[in-house]
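Worksheet: the structure to be examined is printed underneath.
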Protein chains: 2
Amino acid sequence: MNKGKITIHDISKNLGIDSSTVSRALNDSPRVSKKTKEKILKKAEELGYQRNSLASKLRTNRTNTIGVIVPRISRHFFASVISGIEETAFDAGYEVIICQSLDSYEREKKLVDTLLSNRVDGILISISMGTTNYDHFENYKNNGFPIIFFDRPCEVSKNTNIIIDDLKASLEATEHLILNGCKNIAHFSGPQTIELYRRRYKGYIAALEKYNFPIREEFIFESNLMKQDGIQCAKEILKLPEIDGVFSANDVTAISAMQYLKTQGKKLPEDIAFVGFSNEPISAVIEPSLTTINQPDFEMGKVASTLLFNQINNKTVLNQTTILEPELIIRKSSIKN
Amino acid sequence: MNKGKITIHDISKNLGIDSSTVSRALNDSPRVSKKTKEKILKKAEELGYQRNSLASKLRTNRTNTIGVIVPRISRHFFASVISGIEETAFDAGYEVIICQSLDSYEREKKLVDTLLSNRVDGILISISMGTTNYDHFENYKNNGFPIIFFDRPCEVSKNTNIIIDDLKASLEATEHLILNGCKNIAHFSGPQTIELYRRRYKGYIAALEKYNFPIREEFIFESNLMKQDGIQCAKEILKLPEIDGVFSANDVTAISAMQYLKTQGKKLPEDIAFVGFSNEPISAVIEPSLTTINQPDFEMGKVASTLLFNQINNKTVLNQTTILEPELIIRKSSIKN
DNA sequence: TTTTAAAATACAATCGATTGTATTTTAAAA
DNA sequence: TTTTAAAATACAATCGATTGTATTTTAAAA
């Protein structure tokens, strides 16, 4: 029936009140009398009026919307960051548009474009693994558009980044293996094009150096840290029987490696101890349960969004890196009795 | 510097070409000559023009955007459904706005409202656990607005629902426990206000009836199926030592119950066999690995979105339920040697 | 009761893109 | 070279809400 949506003009005509007054009434402006407001609100309800945000956003040049781009929403870490963002956003009266880049550069670029054409007030992004070119951010940053990078920072030029102290956490994780008797510790590393994995790598190296352990290139396995990469790494490890500990740059790879090694008759943690990174929910329930680094995910979301809202409202761009503290969660996979 | 965004009017003035021609050129209309198009495209690029989707959507009364509301994006099942939706949407040239209701009725209502005020062309929704009142859908449905319900259908009046065959799957799951020697099978059930959990409950009952097993009320535990509910259920089970099998309406509860029972010295599956529902990734890696029902998640997303796009474009509302086939994945938790 | 200030409401322009219609330009036909 | 049809471009209205300014109404003060 009622094909065309009800507009303020319908209410206006219906009541013989100018649409500007209707608009002000619906926005609870003090310029409209109580009596008129009530009449308008009642009629709006009656006609099933629903504000057209597109028109409102176009006119006011303010969308009260932010965009969030993460590699994948299914990752527990990102889902938690998003929860943190949404909580802050809700309180601040912002809408949140969630997007996943699936770690593809092309997709990420397209998403940034779509968000901007929808005139979001700011963007929070954890850049995709496939991204090595940052031009699509530079343009907008130069115009003072608020973009904040979290977890996986933007490496070029000055930006507002929110990261965790990967280096320190990785050093601690590796040190923990050393203190638990590991002599030959391998590292499952991610793509070195990504700053975050370089920091984790550096933490591993720093721990070895601290204890005067030799750095052995053949103990370092670089991959995309997917499930199948873990199996591949595990196979390589079996060729190097002296390896008695692994610090993996994420949980997923550690877990798939562990599962494979178990099928090959390895005893964990007795033969090989493991420490992961991220504290995926799965880590707590596998056997042996995985020692890992817990990241302050929810907090990261809150911090990132709070900073973004500040930038949006004060128009002050900080270009400053905030570092949050992660925490080593000790479980069974790293304790050789 | 360049505070105000570039519009077609800037290009228009800059080249002395009317803005309508600029608009048509940017949309590759055949009404503009090749030469003019090239000139306009070049200038647009040069000025860093970016279309204002808000204005475009307002004018055309078409947003090419759909909204998706799920209880939580972190749930593997929903993340996969979303991937399916996004794939179809991408091919069809639609934007997707992802929202999570966190199983709250209030939040869900607000999200529906926000999506509609942003004039999405249609909505895909898996209703929240907290939702028992469906008025917020009825209004819009009556106006012919395309809404499709998936996984957790809308129970009132006629709607387009896409569900899996929960009853059949639950029957199979329970039957599987019976065939593997379980004599006293408990059921962890969800809120009976939700159709989906009623169907799973019915499947459980149907299996018992098929094999002439008595239905014992004290073996049926209703909860919200969260992690802590599983522990609670496990505690109850310990008081009923005759229970030798459990069919749980989701994996999360099954897993936390299993973990608790293990700490209490129970042998799984020897003492108590388990079958879950959902095939969460975690199910494959716990010990014993959990037998469960795999739902065609990605496919559900594709089917739901395809149906939605049809409704949007043909204006034909089907009000028809599509039932997809789930699959029993047999792992170790249910096989008593 | 008249004057005046304040309160309430109306008028009109605007945000940026789109689109039906009118006008101008170009090229083909006479 | 003039006429005519087609191609290209310009004009102007519109989508729905907002907002600065102008006008009208109301209520208080004189």
Side-chain angles (χ1 to χ4, degrees), chain A residues 2-41 43-44 47-65 95 113-114 116-121, chain B residues 2-41 43-44 47-65 95 113-114 116-121:
Chain A
N2 194 356
K3 286 283 284 290
K5 288 263 187 180
I6 302 296
T7 73
I8 53 171
H9 301 102
D10 296 314
I11 300 175
S12 166
K13 269 178 224 149
N14 211 294
L15 293 172
I17 296 174
D18 190 80
S19 58
S20 63
T21 303
V22 173
S23 171
R24 278 188 250 258
L26 293 170
N27 288 309
D28 201 25
S29 156
R31 281 177 54 177
V32 180
S33 72
K34 211 168 196 173
K35 218 170 115 191
T36 310
K37 263 183 202 169
E38 274 165 14
K39 224 176 357 175
I40 290 171
L41 254 29
K43 183 58 76 179
L47 296 177
Y49 170 78
Q50 186 170 46
R51 148 212 241 120
N52 185 327
S53 290
L54 299 171
S56 172
K57 288 171 176 176
L58 173 62
R59 179 64 231 274
T60 58
N61 201 25
R62 199 85 187 314
T63 58
N64 280 301
T65 304
E95 293 173 26
D113 218 64
T114 304
L116 288 167
S117 75
N118 280 297
R119 296 295 187 267
V120 293
D121 295 330
Chain B
N2 195 356
K3 286 283 283 290
K5 288 264 187 179
I6 302 297
T7 73
I8 54 170
H9 301 103
D10 297 313
I11 299 176
S12 165
K13 270 177 223 149
N14 210 295
L15 293 173
I17 296 174
D18 189 80
S19 58
S20 62
T21 303
V22 173
S23 171
R24 278 188 249 259
L26 293 169
N27 286 309
D28 201 25
S29 154
R31 280 177 57 177
V32 180
S33 73
K34 211 167 197 171
K35 217 170 116 190
T36 310
K37 263 183 203 168
E38 274 165 13
K39 226 181 347 180
I40 290 170
L41 254 28
K43 183 59 76 180
L47 296 177
Y49 170 78
Q50 186 170 46
R51 150 212 241 120
N52 186 327
S53 291
L54 299 171
S56 173
K57 289 170 177 176
L58 174 62
R59 180 63 231 271
T60 58
N61 199 25
R62 199 77 186 322
T63 58
N64 280 301
T65 304
E95 293 173 26
D113 218 63
T114 304
L116 288 166
S117 74
N118 281 296
R119 298 294 187 267
V120 292
D121 295 330

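Quantities reported herein were computed from a predicted structural model and do not represent experimental measurements. To find a chain, count down the sequence lines: A is the first, B the second, and so on, and within it residues start at 1.
Residue contacts shown for B:V32 are limited to sugar-phosphate atoms, with no base heavy atom under 4.0 Å away.
A 3.5 Å limit on both hydrogen-bonding distances identifies D:dT14 as the Watson-Crick or G-U partner of C:dA17. Using the Watson-Crick or G-U wobble rule with both distances under 3.5 Å, C:dT1 pairs with D:dA30. A 3.5 Å limit on both hydrogen-bonding distances identifies D:dT9 as the Watson-Crick or G-U partner of C:dA22.
The nearest whole Å value for the distance from the CD1 atom in B:I17 to the C1' atom in D:dC11 is 16 Å. A straight line from CG of B:D28 to P of C:dT19 spans 14 Å, rounded to a whole angstrom.
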**Message:** Is there a side chain to side chain contact (heavy atoms under 4.5 Å, CB included) between B:L26 and B:R51? Walk through the geometry before answering.
**Reply:** CA-CA 9 Å; B:L26 293 169; B:R51 150 212 241 120; over 6 Å; no
**Prompt:** Going through the distances and angles, do A:N118 and B:E95 end up as a side chain to side chain contact (heavy atoms under 4.5 Å, CB included)?
**Reply:** CA-CA 11 Å; A:N118 280 297; B:E95 293 173 26; 3.1 Å; yes
**Message:** Return a single string for nucleotides 12-17 of chain C, one symbol per nucleotide in 5' to 3' order, where B is base contact, S is sugar-phosphate-only contact and - is none, cutoff 4.0 angstrom on heavy atoms.
**Reply:** BBBBBB
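When atom types are taken as modelled, the side chain of A:D10 and the backbone of A:T7 share a donor-acceptor pair closer than 3.5 angstrom.
No side-chain heavy atom of A:N52 sits under 4.5 Å from any side-chain heavy atom of A:K5.
Residue side chain A:R31 reaches the base of D:dT21 through a donor-acceptor N/O pair under 3.5 Å, judged by distance alone.
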